[in-house]
Amino acid sequence: MTKASVKALHQNTPLLRAAPGLFDHPEVWLKMDALQPSGSFKLRGVGRLVQQSAADGAKAIVCASGGNAGFAATHAAVALGLPVAIVLPLTSSAAVAERLAACGAEVLRHGVVWDEAHAFAVRLAAERGAAYVHPFDHPLLWAGHSTLVDEVVEAGIGFDAVVTAVGGGGLFCGIVEGLRRHGLGQVPVIAVETEGAASLHAALAAGEPVSLPAITSIATSLGARRVANEAFERARSHPTLAVQVSDAEATAACLRFAQAHRVLVEPACGAALAAVDRHARGFRRVLVEVCGGMGVSLELLRSWTEPATIKA
């Protein structure tokens, strides 16, 4: 399968200047991947991996996901006429499971955290003879995610820093790949995690990828206990500022964003939004990847901002 032979399943999403008052920073641009058909950036890479799996002869797709990669895999598999099974960890909400099923996926539950769901899904794919689609650790995923940088460059918007949330590290890898492809290897990436889901921060502190003992953040979409090895290596070779925000900061940012741009995003995405004023002050023009997320609703947004629900 060549790049020219298959039409991508993701969309070129809007690039918007942040609404006045959303940030203290004077110029912030928002890459609105929350508006992808699957609800998040994941369709860029997962869609490409599912397409390649189909081209290689796959007759079914299996993916372990806390939600967003599952929606992307389901969207892609259904578009290609393939059956798809999504393995959710038990921490994923019933609403996410119901929406995945409504989209056409077979939904299974296994494990307390994503890592356990992943191990089960790999075995399931082998038993069924299906293609396993990893949600963040595969070169085709990174190449797919890198297209967001292509789109920003093509729009003619210059920037001197990128702010993004980091979970397993696939989006981060893609952004670094896209920057390097356009000769922007000097542009730093502010890599944001929530406290309690900071596997990249832990890896950089330890000098090697390590497994967190548990995920304790409300931002379950960032809940990979161990960051991808390639994300760790790219964070060491590319100018990277790994930072953390609290659940309270992330969820408050989700609320501010909804009020300013009338778009709902998950706390995982709110983490990136929350980091702009604190960690991007020294940059002139900032690009924020609004990664989105399907595990959000008005009811959940209200509950997340209740003081008893979140950690300060």
Side-chain angles (χ1 to χ4, degrees), residues 40-42 45-46 49 62-73 86-93 96-97 108-125 132-138 141-142 145 164-176 189 191-236 240 242-247 249-251 266-272 275 291 293-295 310-311:
S40 81
F41 78 96
K42 289 282 189 180
V46 170
L49 188 49
V62 175
C63 178
S65 167
N68 291 316
F71 282 106
I86 306 299
V87 181
L88 293 174
L90 297 175
T91 48
S92 295
S93 71
V96 166
L108 301 94
R109 295 274 200 167
H110 187 87
V112 177
V113 293
W114 174 84
D115 308 72
E116 295 171 357
H118 163 68
F120 175 82
V122 170
R123 295 194 300 271
L124 181 68
Y132 179 67
V133 172
H134 199 292
F136 59 83
D137 195 2
H138 193 287
L141 292 172
W142 311 330
H145 299 332
T164 185
V166 176
L171 175 58
F172 171 78
C173 285
I175 289 173
V176 172
V189 177
V192 192
E193 299 171 290
T194 49
E195 297 163 0
S199 56
L200 176 61
H201 187 273
L204 292 173
E208 62 181 353
V210 294
S211 295
L212 300 176
I215 299 296
T216 58
S217 170
I218 197 172
T220 54
S221 291
L222 300 182
R225 290 173 56 210
R226 183 184 178 95
V227 75
N229 290 344
E230 186 64 20
F232 169 71
E233 294 298 338
R234 294 190 187 190
R236 293 206 300 178
T240 300
V243 302
Q244 298 179 63
V245 299
S246 68
D247 282 351
E249 290 171 317
T251 53
E266 289 183 353
C269 183
C291 54
M294 288 292 283
I310 54 180
K311 300 182 301 178

Side chain of [X], backbone of [Y]: donor and acceptor closer than 3.5 Å?
X      : Y      : answer
Lys42  : Phe71  : no
Arg225 : Leu212 : yes
Arg226 : Ala203 : no

Which atom of [X] lies closest to which atom of [Y], heavy atoms considered:
X      : Y      : value
Ala235 : Leu204 : CB-CD2, 4.0 Å
Cys63  : Gly70  : SG-N, 4.5 Å
Thr251 : Pro267 : CG2-CG, 4.0 Å
Ala165 : Cys291 : CB-SG, 4.4 Å
Ser65  : Pro89  : O-CD, 3.3 Å
Val245 : Ala250 : CG2-CB, 4.4 Å

Just to verify, which of Val243, Val192, Leu200 counts as forming a side-chain contact (heavy atoms from CB on, under 4.5 Å) with Val166?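 With Val166 as partner, side-chain contact (heavy atoms from CB on, under 4.5 Å) holds for just one option, Leu200.
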
Determine the sole option in Thr164, Val176, Leu141 for which the side-chain contact (heavy atoms from CB on, under 4.5 Å) test with Leu171 is passed.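 For Leu171, the side-chain contact (heavy atoms from CB on, under 4.5 Å) test succeeds with only one of Thr164, Val176, Leu141, which is Thr164.
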
State, with a plain yes or no, whether a side-chain heavy atom of [X] is found less than 4.5 Å away from one of [Y].
X      : Y      : result
Val227 : Phe172 : no
Ser199 : Glu193 : yes
Arg109 : Ser92  : yes

Parallel, tilted or perpendicular: ring planes of Phe136 versus Trp114, cut at 30 and 60 degrees: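 The rings of Phe136 and Trp114 sit tilted, inter-plane angle from 30° to 60°.
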
Can you tell me how far [atom2] of [Y] sits from [atom1] of [X], rounded to the nearest 0.5 angstrom?
X      : Y      : atom1 : atom2 : answer
His110 : Leu88  : NE2   : CG    : 12.5 Å
Cys173 : Asp137 : SG    : CG    : 7.5 Å
Asp247 : Thr194 : CG    : OG1   : 5.5 Å

Would you say the ring centroid of His118 lies under 6.0 angstrom from that of Tyr132?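 Yes, the ring of His118 comes within the 6.0 Å limit of the ring of Tyr132, centre to centre.
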
Counting the benzene-type ring for Trp, do His134 and Trp142 have ring centres under 6.0 Å apart?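 Distance test on ring centres: not under 6.0 Å, no.
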
Under the salt bridge (Lys or Arg N to Asp or Glu O under 4.0 Å) test, residues paired with Arg234 that sit two or more places apart: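 Counting only residues at least two positions away or on another chain, Arg234 forms a salt bridge (Lys or Arg N to Asp or Glu O under 4.0 Å) with Glu177, Glu230.
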
Sequence neighbours excluded, which residues qualify as side chain to side chain donor-acceptor pair (under 3.5 Å) partners of His201?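 Result, side chain to side chain donor-acceptor pair (under 3.5 Å) vs His201: Gln244.
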
